[in-house]
Amino acid sequence: MCGRFALKAPPADIASHFGVDAVPEAAPRYNIAPTQPILIVRHRWQQPEAGLEAVHVKWGLLPSWAKDESMAAKLANARGETVAEKPAFRSAFRRMRCLIPADGFYEWEATPSGKQPWFIRLKSQELLAFAGLWEHWQAPDGTPLETATIITTDANELVRPVHDRMPVILQPADYAAWLGAQTKAEDLKALLKPLPEDLMERYRVSRRMSNARNEGEECMAPV
DNA sequence: CCAGACGTTGTT
DNA sequence: GTCTGG
DNA sequence: CCAGACGTTGTT
DNA sequence: GTCTGG
């Protein structure tokens, strides 16, 4: 799955990798947790021909029909195998797809002595993109809220010893298809596969990062 | 018809 | 909003 | 995802 | 055990 990740790349690098004009200024983040703001890349809202934009939204999808915010916490992830059909996700799957930039993500290995966190990233150490969905929600009093979720799939051989699920990572050649309004559901589903393991690497990190309050650079430092 | 659910993870 | 269960 | 709280009363 | 906060 994907319940914690890092995004430390400078805004200018994110802008050039994804081809967006401007990325909001933000400090490097090494321990991003559900309910926190996350950066997403999407077609400009209601003017898709105007290109891509990068904005911050809350991590945890809130379907437009939700009565209150309580549902969002549980929807930090969506299973790729069922996301096209599940009531909470299918509408976003059709019309609200996004990319979620990251430098890598964390998974926990259950060991006799407790949960051991690992950091997993591209061997190239380049920026990567999770396949995501976003939604626009309005509170009963009219207050708007934008949210997003990260799609998961089976772990590949590199991740499997640590955990049996991992986020869907899209390759740059697939960004346009994932975001495109014209892409058929069948072709979208074909993108929701584990990234080949030979492109990735992993290493152990400090257990101190398991507490989401610890946000320093040491979270993703090898131990 | 109305009422109620709508999710993932890990663990058992 | 839309589907399922009663 | 993991960590941490989980309660009421009365008093300050 | 289950929910909330980060």
Side-chain angles (χ1 to χ4, degrees), chain A residues 1-7 26-39 56-96 100 102-121 130-140 144-155 159-169 185 192 194 202-220 223:
Chain A
M1 73 104 38
C2 182
R4 222 69 80 74
F5 67 99
L7 178 61
R29 295 169 69 199
Y30 301 94
N31 201 0
I32 303 170
T35 73
Q36 293 179 358
I38 59 174
L39 189 72
H56 283 107
V57 305
K58 187 173 179 175
W59 186 5
L61 194 88
L62 205 48
S64 55
W65 40 261
K67 290 181 192 68
D68 56 54
E69 294 188 45
S70 63
M71 193 171 192
K74 297 171 182 171
L75 304 184
N77 294 122
R79 291 178 64 86
E81 295 89 336
T82 56
V83 69
E85 288 83 31
K86 291 287 184 184
F89 299 127
R90 61 190 167 202
S91 147
F93 179 78
R94 284 195 290 264
R95 303 178 20 249
M96 310 291 252
I100 301 175
D103 283 278
F105 59 97
Y106 300 93
E107 296 289 357
W108 283 261
E109 176 189 21
T111 77
S113 56
K115 292 179 178 178
Q116 171 63 52
W118 293 75
F119 187 65
I120 302 157
R121 65 180 173 189
F130 300 136
L133 305 176
W134 68 282
E135 272 286 9
H136 187 267
W137 181 81
Q138 267 197 314
L145 181 65
E146 291 187 335
T147 61
T149 191
I150 295 172
I151 299 177
T152 64
T153 184
D154 280 328
V159 175
R160 196 181 311 282
V162 175
H163 194 74
D164 65 351
R165 302 287 293 173
M166 62 182 267
V168 171
I169 297 169
L192 304 181
R202 64 175 157 92
Y203 57 82
R204 290 183 183 82
V205 294
S206 166
R207 292 187 186 203
R208 291 190 307 120
M209 69 72 49
S210 295
N211 186 333
R213 288 182 154 91
N214 294 325
E215 300 186 312
E217 197 171 359
E218 67 277 8
C219 288
M220 62 171 280
V223 294

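Naming convention: chains lettered A, B, ... in sequence-line order (proteins, then strands); numbering from 1 in each chain.
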(request) Mind checking the OG1-CD spacing from A/T153 to A/E81? Nearest 0.5 Å is all I need. (result) 5.0 Å
(request) For B/dT12 versus D/dC2, give the span between their P atoms, rounded off to a whole number of Å. (result) 13 Å
(request) Examine distances only and state if a side-chain atom of A/R160 and a backbone atom of A/A155 form a donor-acceptor pair shorter than 3.5 Å. (result) yes
(request) Pick the C1' atom in D/dC1 and in B/dT9, then give their distance to the nearest Å. (result) 9 Å
(request) Would you mind telling me which of E/dG6, B/dT11, D/dG4 lies closest to the side-chain atoms of A/K115? (result) B/dT11
(message) Rounding to an integer number of angstrom, what distance separates B/dA5 and E/dC3 when you compare their P atoms?
(response) 14 Å
(message) Test your reading of the model: is there a side-chain donor-acceptor pair from A/W134 to the backbone of A/V57, 3.5 Å cut-off?
(response) no
(message) Just to be sure I follow the notation: if a pair is Watson-Crick (purine N1 to pyrimidine N3 plus N6-O4 or O6-N4) or a G-U wobble (N1-O2 and O6-N3), each under 3.5 Å, what dot-bracket string does DNA chain D give, with | for pairs to another strand?
(response) ||||||......
(request) Using the six-membered ring for Trp and the full ring for Phe, Tyr or His, decide whether A/W65 stacks on the six-membered base ring of B/dC6 (centres under 5.5 Å, planes under 30°). (result) yes
(message) What I want to check is whether an N or O donor and acceptor connect the side chain of A/S91 with the base of C/dG1 at under 3.5 Å.
(response) no
(message) Taking only the P atom of each, what is the distance from D/dG10 to E/dT2 in whole angstrom?
(response) 32 Å
(request) Look at the side chain of A/W59 and the backbone N and O of A/A33, then say whether any donor-acceptor pair between them is shorter than 3.5 Å. (result) no
(message) Would the distance check show the side chain of A/R4 and the main-chain N or O of A/S210 forming a donor-acceptor pair, the cut-off being under 3.5 Å?
(response) yes
(message) Taking A/E69 first and then A/K58, would you say they form a salt bridge - that is, a charged N and a carboxylate O separated by under 4.0 Å?
(response) yes
